[in-house]
Amino acid sequence: MTELDSLRPLAAVLAPAVGVLLIVALNRRPNLREGATIASSVSTLAIVASMVPAVLDGSTYVTELGAFVPGISFTLTADPLGMIFGLLASLLWVVTSFYSIGYMRGLDEHSQTRYFAAFAGSVSAAIGVAFASNLIVLYVFYELLTVATYPLVTHDETDEARKAGRKYLAYTFGGGVAALAGTALVFLTTGSVEFTPGGIAALASADPVLARAAFGLLIAGFGVKAALMPVHSWLPDAMVAPTPVSGLLHAVAVVKSGVFGIARVILDVYGPGTVESLGVGLPLAAVAAFTILVSSIIALRQDNLKRRLAYSTVSQLSYIVLGLALLSPAALVGGLLHIPAHAFMKLTLFFCAGAIHVETHTDDISDMAGIGKRMPLTMIAFTIASLGMAGLPLVAGFVSKWYLLIGSLDAGQTVFALVLLTSGLLNIGYFWPIIYQAFFQTPEDSDAKPLIEFPIGGTPTRADGGRKNATLTSETEANGETYAVDQHPSDHLTEDAHDHDDEHHGGPPAAGWEHRALGTESTWFIMAPIATAATGALVLGIVPYTAVFLALVQQVVAGATGVVF
């Protein structure tokens, strides 16, 4: 592999950081501020995309910034694995920037300058994670990502948002401490923390007890942001943030940094061979399988759309971890390919949830019967992404899950193949009722959602933990406790709203859903990103070899295992 000295990896990290400064400087000029957001996102994508051809040809771009700590340099390297995450983050930032403009303006949100600045800072940190050349540099950007995303999680400034933010910091900083401890143990054991395709050679002959301990600490640390059970609960609670932030958390940056860190540990720190010889792959696969199934069951009982999507994310992330833990070449391809596949599908789903919220102030699934009439393109895109999440053909999820299924069988682990198939059925179980009632039911003939009512499924709940159809007191109404997450204060019932029976605050209006023509249900700032994300999910599912992500994935797996596809 040829190393090319270049400032491009550094430029990719700095472009969003410069965007932060421009956004803050243009605080009083919203149009120019949002123009700076778009310019920063497009320039970042251009820089990252310019490195793709050479990386596919076997080269890497390296920016040396000198010694960081004794024996460890601060270096940024654009290699195939880093390009997967870096290209994904920069590409989806462009899409999300346009969507954010429509969403934030549509709700007349407060503190928009802080929002856009924090978003740019988060992408800068995410690209730093992607191009880190060793565990120490990865740790630095990993923690910066936590700091940058905290203002986004707490954006609403409500007690619920602040509580979610404190939980987010506690979990993710705790995970960072574990990752740092594992990094230190690797360095003490081998004298190196550099990412090397196939793993650091000295780990293969290191004390197995120390090697397993370091592996456990690293996986636990990165597993927090990857939402592995039992350290997953921060993620559903973080849905109090605005919907574009949910997309950032679930599809673009935060959770993907967790699974990316696990990928670095397995492929470039330990290597598949050492992971297998230490016997740590199967226990990790078991944790991932448990997370896949249990989180899918929990998703069945969520009536709030964003919380159902959140538990779906917890499940889907573990597909990636499962593929990495199984170690067979096909499983590795499936796991890594599911990073972009899940990103496009889940971003589509959250964009759709946000569009529904902006246009109808509806957040609960049980209030969405017949909403396909009011939001036709939105619900078509939602259907496409849902089918992909369930692993049905022609959408991105099918391709990645096919590789995972074949990889499970190649590894001789039929039980994990059964887990994948069962999970697909559970995906249908929690997505199909949404689609069915949107297009084929009316508010008058809809049945209660969710369908699961036995103890494992639990009692149907709202996002705030209250029971559907519970009697509302004036006190709970005044405190806003009956409203779902992602509610701007202006959306809540106000004293004035009580005096006007025609004020609409969620669910179908008294006259029923208004019929809208395809694509006219919202502004183009919202509809174009939805269509773009859904199209990306289809492209990855229909012509995966044309999309650059599969080529990068296969190059990564070839470097780690020696198997050429």
**Item:** Side-chain heavy-atom pair S6, V62 within 4.5 angstrom cut-off
**Value:** no

**Message:** Quick check against the 3.5 Å criterion: does R308 have a side-chain atom that pairs as donor or acceptor with the backbone of D303?
**Reply:** no

**Prompt:** Stepwise, does the side-chain hydrogen bond (donor to acceptor under 3.5 Å, both in side chains) test hold for Y142 with S257?
**Reply:** CA-CA 7 Å; Y142 190 76; S257 72; 5.1 Å; no

**Fill in**
Smallest heavy-atom separation, L305 atom then A353 atom, equals CD2-CB, 3.6 Å

**Prompt:** side-chain hydrogen bond (donor to acceptor under 3.5 Å, both in side chains) between T172 and K225: does it pass, once the steps are laid out?
**Reply:** CA-CA 7 Å; T172 53; K225 282 183 179 171; 5.5 Å; no

**Message:** Are the side chains of L282 and F416 in contact, using a 4.5 Å heavy-atom criterion?
**Reply:** yes

**Request:** Measure across T149 and T146 and return the closest heavy-atom pair with its distance rounded to 0.1 Å.
**Result:** OG1-O, 3.2 Å

**Asked** Can you check whether Y430's main-chain N or O pairs, donor with acceptor, with Q302's side chain at less than 3.5 Å?
**Response** no

**Request:** Give a yes or no answer on whether the side chain of W234 reaches the backbone of V224 with a donor-acceptor pair at less than 3.5 Å.
**Result:** yes

**Item:** Among H338, H342, K346, the one residue meeting side chain to side chain donor-acceptor pair (under 3.5 Å) with Q316
**Value:** H338

**Prompt:** So, does S295 use its side chain to make a donor-acceptor pair with the main chain of T291 at under 3.5 Å?
**Reply:** yes

**Asked** Taking the side chain from Y99 and the backbone from F351, do they hold a donor-acceptor pair closer than 3.5 Å?
**Response** yes

**Short side-chain to backbone donor-acceptor contact, Q437 and I365, under 3.5 Å** = yes

**T77 side chain to Y61 side chain, donor-acceptor N/O pair below 3.5 angstrom** = no

**Message:** Can a donor-acceptor pair be found, under 3.5 Å and without considering hydrogens, that links the side chain of S133 to the backbone of T75?
**Reply:** yes

**Message:** Please report whether the ring centroid of Y168 lies less than 6.0 Å from that of Y150.
**Reply:** no

**Prompt:** Below 4.5 Å, heavy atoms only, C-beta onward: do T348 and I384 meet side chain to side chain?
**Reply:** no

**Request:** Check whether any side-chain heavy atom of Y311 sits under 4.5 Å from a side-chain heavy atom of H232, and report yes or no.
**Result:** yes

**Message:** Any heavy-atom pair between the side chains of V553 and L332 that's under 4.5 Å?
**Reply:** no

**Asked** Heavy atoms, side chains only, cut-off 4.5 Å: are V275 and L284 in contact?
**Response** no

**Message:** Measuring only between side-chain heavy atoms, which start at C-beta, is T535 closer than 4.5 Å to F344?
**Reply:** no

**Item:** Taking every non-hydrogen atom, the tightest pair across G323 and L404
**Value:** CA-CD2, 3.4 Å

**Message:** The test is side chain to side chain contact (heavy atoms under 4.5 Å, CB included); show your working for M83 and V548 and say whether it passes.
**Reply:** CA-CA 10 Å; M83 286 300 300; V548 69; over 6 Å; no

**Request:** Check the pair Y270, F215 against ring pair (Phe, Tyr, Trp, His ring centres under 6.0 Å), reporting the backbone distance first and the verdict last.
**Result:** CA-CA 8 Å; Y270 280 78; F215 183 86; 5.2 Å; yes

**Request:** For the residue pair T378 and E521, confirm or rule out a side-chain donor-acceptor distance under 3.5 Å.
**Result:** yes

**Request:** Please answer whether the main-chain N or O of P16 pairs with a side-chain N or O of S40 as donor and acceptor at a distance below 3.5 Å.
**Result:** no

**Message:** Salt bridge or not between D237 and R307? Use side-chain N to carboxylate O under 4.0 Å.
**Reply:** yes

**Message:** Apply side-chain hydrogen bond (donor to acceptor under 3.5 Å, both in side chains) to residues S423 and K401 and explain how you reach the verdict.
**Reply:** CA-CA 11 Å; S423 175; K401 292 183 182 183; 5.5 Å; no

**Message:** Please check: side-chain N/O of S328 versus main-chain N/O of G407, any donor-acceptor pairing under 3.5 Å?
**Reply:** yes

**Request:** Would you name the heavy atoms of V419 and I292 that are closest together and state the gap between them?
**Result:** CG1-CG2, 4.2 Å

**S315 and S296 side chains, donor-acceptor separation under 3.5 Å** = yes

**Prompt:** Under the 3.5 angstrom rule, does the side chain of S41 hit a backbone N or O of T37 as a donor-acceptor pair?
**Reply:** yes

